[in-house]
2 protein chains.
Amino acid sequence: MVNYPNRKANPISIHTPMKPKHYTSHRGMSLEEDISFSNDYYLLNDKAVIYKKPTPVQIVKVDYPKRSAAKIVEAYYRKPSTTDYNGIYRGKYIDFEAKECKNDRFPFANIYKHQIDHLKRIIDHGGIAFVIIAFTHRNEVYLIDASFMIDAYYHSDRKSITYDEIKEKGHIIKQGVNPRLSYLDVIDKYYF
Amino acid sequence: MVNYPNRKANPISIHTPMKPKHYTSHRGMSLEEDISFSNDYYLLNDKAVIYKKPTPVQIVKVDYPKRSAAKIVEAYYRKPSTTDYNGIYRGKYIDFEAKECKNDRFPFANIYKHQIDHLKRIIDHGGIAFVIIAFTHRNEVYLIDASFMIDAYYHSDRKSITYDEIKEKGHIIKQGVNPRLSYLDVIDKYYF
């Protein structure tokens, strides 16, 4: 199987991808997989059209072997310009980033400043912007409005947000079989 | 400079990228570059938040040389799941594909069936969906609503749409210095 080792690119060096983590160890699923499966479910049931953007890669060298596929032989991970997910739900533009935490803190180092600014822009233009945060050791997943993240990022001396704050200001996402993460239910309740 | 050889992936084999074409030979700019510069302009002027999605790449092998960037040493182009561009404008979800034609026909072979279906879904969910088509030999660029493309794709025996039809059903996009392609003006006029 294909491995995507740059899921959690370190913001200090864009070329040093971190290893993927599993927030639901009993199922061996990553947050990204759960969101992808949920998006597939929503798409199939014609509820929403939301996709993960491809991993940005800077292609340097491509070989064209005869009679076979063009093969990229030198490429590097690039810093994403925006967030990982966007799409449309109930006529509204939806935009979000998804992050896993392995303890009771979400460090701001886990999100790029330009991603925070992007989320701010989406709100200003009338879209729905949020962050999905999975606390892997608790097996809890929260949806938190981007305005809270932006505010905490810019108007605080701290370098992280705590689990307690996210629990207070955010909304827990119900986990199930299909969809695995019913995050549209949270949007229905708090954005419409 | 980095080369992106898969801009026009052949729909028959996703792994045989076609060479990029230039629709404005006097400037040496591709349609994609012009749209990117226009999107940068719109972003900078806080008019819209519209991005091109990264080229989808299937990563097979990554080297981690000591003290340097993770290097992708084997990867392949993948078929895009959706269209190339999406974002938000005046509170509305925007989604489009951009294509160059070197003669007076737009062949349906230039667009994937699942991209047509994606555009249909966007309309059904209340978004604005269209295709930008550049006739390179004429140096003319048109915005055509996705509904026309979907209709022609599904309810016609032909394998292409002609320049005359696009001229009649679409809207010419003004070219300039900044933005290079004023496609939001067309949206203002025909979608709001």
Side-chain angles (χ1 to χ4, degrees), chain A residues 1-6 9 13-17 43 46-65 67-78 80-83 86-95 118 120-129, chain B residues 1-6 9 13-17 43 46-65 67-78 80-83 86-95 118 120-129:
Chain A
M1 266 304 288
V2 176
N3 191 23
Y4 300 95
N6 72 325
S13 160
I14 61 162
H15 299 308
T16 311
L43 188 73
D46 208 28
K47 289 262 289 171
V49 185
I50 298 167
Y51 282 93
K52 185 182 181 296
K53 290 179 198 165
T55 303
V57 160
Q58 183 161 32
I59 295 158
V60 176
K61 198 175 166 221
V62 183
D63 274 357
Y64 296 89
R67 288 169 195 277
S68 49
K71 184 180 172 185
I72 298 160
V73 293
E74 187 181 352
Y76 299 93
Y77 294 110
R78 278 189 328 193
S81 308
T82 61
T83 46
N86 74 355
I88 186 168
Y89 177 54
R90 293 176 65 181
K92 294 285 271 180
Y93 176 87
I94 303 286
D95 197 300
H118 171 78
K120 172 82 167 66
R121 253 179 235 121
I122 298 308
I123 296 172
D124 293 345
H125 284 263
I128 293 174
Chain B
M1 267 304 288
V2 176
N3 191 23
Y4 300 95
N6 74 325
S13 161
I14 63 161
H15 299 310
T16 311
L43 187 72
D46 208 26
K47 288 264 289 172
V49 185
I50 298 167
Y51 282 93
K52 184 182 181 297
K53 290 178 197 165
T55 303
V57 161
Q58 184 161 31
I59 295 159
V60 176
K61 197 175 167 222
V62 183
D63 275 358
Y64 296 89
R67 288 168 195 276
S68 49
K71 184 181 171 184
I72 299 160
V73 293
E74 187 181 352
Y76 300 93
Y77 294 110
R78 277 190 328 195
S81 309
T82 62
T83 46
N86 73 356
I88 187 168
Y89 177 52
R90 292 176 64 180
K92 294 286 269 180
Y93 176 86
I94 302 287
D95 197 300
H118 172 77
K120 172 83 167 64
R121 254 180 235 122
I122 297 309
I123 296 173
D124 293 346
H125 283 263
I128 293 175

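All values derive from a computational prediction rather than experimental measurement. Just so we're on the same page: letters track the sequence lines, and every chain starts at 1.
Summarising the geometry of Glu74(A) relative to Lys71(B), their closest heavy-atom pair is CG-CE, 3.7 Å, with the distance given to 0.1 Å. The two residues Tyr76(A) and Ala70(B) make their nearest non-hydrogen contact at CD2-O, 3.3 Å.
Listed options Gly126(B), Ala48(B), Ala75(B) were ranked by heavy-atom pairs under 4.5 angstrom with chain A; first place goes to Ala75(B). Of all the listed residues (Thr82(A), Ile94(A), Leu43(A), Ile72(A)), the one sharing the greatest number of non-hydrogen pairs under 4.5 Å with chain B is Ile72(A). Counting heavy-atom pairs closer than 4.5 Å to chain B, the top-ranked of the candidates Gly91(A), Gly127(A), Ser81(A), Pro54(A) is Pro54(A).
Neither the backbone nor the side chain of Lys61(A) comes within contact range of chain B, judged by heavy atoms closer than 4.5 Å. Proximity to chain B (any heavy atom under 4.5 Å) is shown, for Asp46(A), by both the backbone and the side chain.
Contacts of Lys92(B) classified as side-chain hydrogen bond (donor to acceptor under 3.5 Å, both in side chains), with partners at least two apart in sequence or in another chain: none. Remark: His118(A) pairs with Tyr51(B) by the ring pair (Phe, Tyr, Trp, His ring centres under 6.0 Å) rule, at least two apart or across chains.
Screening Val49(A), Asp95(A), Ile88(A) for a side-chain contact (heavy atoms from CB on, under 4.5 Å) involving Tyr93(B) leaves a single residue, Ile88(A).
Residue Asn86(A) holds its CG atom at 6.5 Å from NZ of Lys53(B), rounded to the nearest 0.5 Å.
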